[in-house]
Amino acid sequence: MRIASIVFVSVVTLGVSYAGLLAAMEQGKLEPKIAPTQTAQAGDAPVKVPSSNPLSGDPEAIELGKHLYFNWCVQCHGVKADGDSPRFGKYAGNLTKFWRGYPEFVNTVKNGRPGKQMPPWKDFMDEDTIAKLGAYLETLAVEGANWQ
C-alpha cells in the first residue's frame with residue numbers, strides 16, 4: 001500500500017510538472033538542458049523506419065518529443081532510450097529496438113505495464129503528446145524496430 005501511495009503522489013507531481021512544462025514550451029520560455037546522447041555503436045545506428053505515427057518525421061513534434069522524453073522517460077529508459085538507466089541500470093525496455101508497433105506503443109504509454117512497473121500515463125498524456133514522444137523515439141530506432 002505504501003508503494004502505491006508513493007507511485008500515486010509521484011504521478012500526480014509529474015502531471016502538475018508536465019502541465020507547466022507544456023505551457024512553458026509552447027510559450028518558447030523553456031529550453032531544458034538535455035544531455036547529449038553518446039554516439040551509437042556500429043550496428044546500433046539509428047535508421048529510418050516506417051511508422052503509422054501521424055507525427056512521424058515532423059521536426060517540431062520530434063523536438064517536443066525529445067523534451068517530453070527527457071522529462072518523463074529518461075529515468076527508467078536511459079539517455080539513449082536503450083533501457084540502461086543512469087539511476088536503475090538495465091531496468092526498462094530498449095525503445096531503440098521497439099518491436100510492438102505504434103498502436104501498441106500508444107496503448108503501453110496510456111495503460112502502463114504493471115507487471116514491469118511502468119505506470120499508466122493516460123491521465124497525463126493525450127494521444128497527441130504520445131505521438132510527439134513516439135516521433136522522437138523513432139529517430140533513435142535501430143534496424144528491426146517496428147513503429148508500423
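Taking Asp58 as the reference, nothing meets the salt bridge (charged side-chain N to carboxylate O under 4.0 Å, His left out) condition, with sequence neighbours excluded. Residues forming a side chain to side chain donor-acceptor pair (under 3.5 Å) with Lys116 (at least two apart in sequence, or on another chain): none. Every residue was checked against the ring-ring contact (aromatic ring centres under 6.0 Å, His included) condition with Tyr102, not counting sequence neighbours, and none meets it.
The heavy-atom pair separating Glu104 from Arg100 by the smallest distance is CB-O, 3.4 Å. Across every non-hydrogen atom of Tyr69 and His77, the tightest pair is OH-CB, 3.2 Å. Of all heavy-atom pairs spanning Pro103 and Ser52, the tightest one is CD-OG, 3.9 Å. The shortest non-hydrogen separation linking Asp82 to Asp84 is OD1-N, 3.0 Å. In this structure, Thr96 and Lys80 approach most closely via the heavy-atom pair CG2-O, 3.3 Å. When all heavy atoms of Ala81 and Leu140 are compared, the pair lying nearest together is CB-CD1, 3.7 Å.
Between Phe105 and Phe98, the angle of the ring planes goes over 60°, which puts this pair in the perpendicular group of the 30/60° scheme. The aromatic rings of Trp72 and Trp121 lie perpendicular to each other, with more than 60° between the two planes, well past the 30° mark.
Side chains of Asp128 and Leu55 form a contact here, defined as non-hydrogen atoms less than 4.5 Å apart. A heavy-atom distance below 4.5 Å is found between the side chains of Thr108 and Arg113. Using a 4.5 Å heavy-atom threshold, the side chains of Leu64 and Tyr136 count as separate.
The pair Glu127-Lys110 meets the salt-bridge criterion, since a charged nitrogen lies less than 4.0 angstrom from a carboxylate oxygen.
Checking side-chain atoms of Asn94 against main-chain N and O of Gly83 turns up no donor-acceptor pair under 3.5 Å.
The CG atom of Leu68 sits 10.5 Å away from atom CD of Glu63, with the distance rounded to the nearest 0.5 Å. From Ile62, atom CD1 reaches atom CG of Leu133 across 12.0 Å, with rounding to the nearest 0.5 Å.
With a 6.0 Å radius and a threshold of 12 heavy atoms from other residues, nucleotides or ligands, Gln148 has its CD atom above the threshold.
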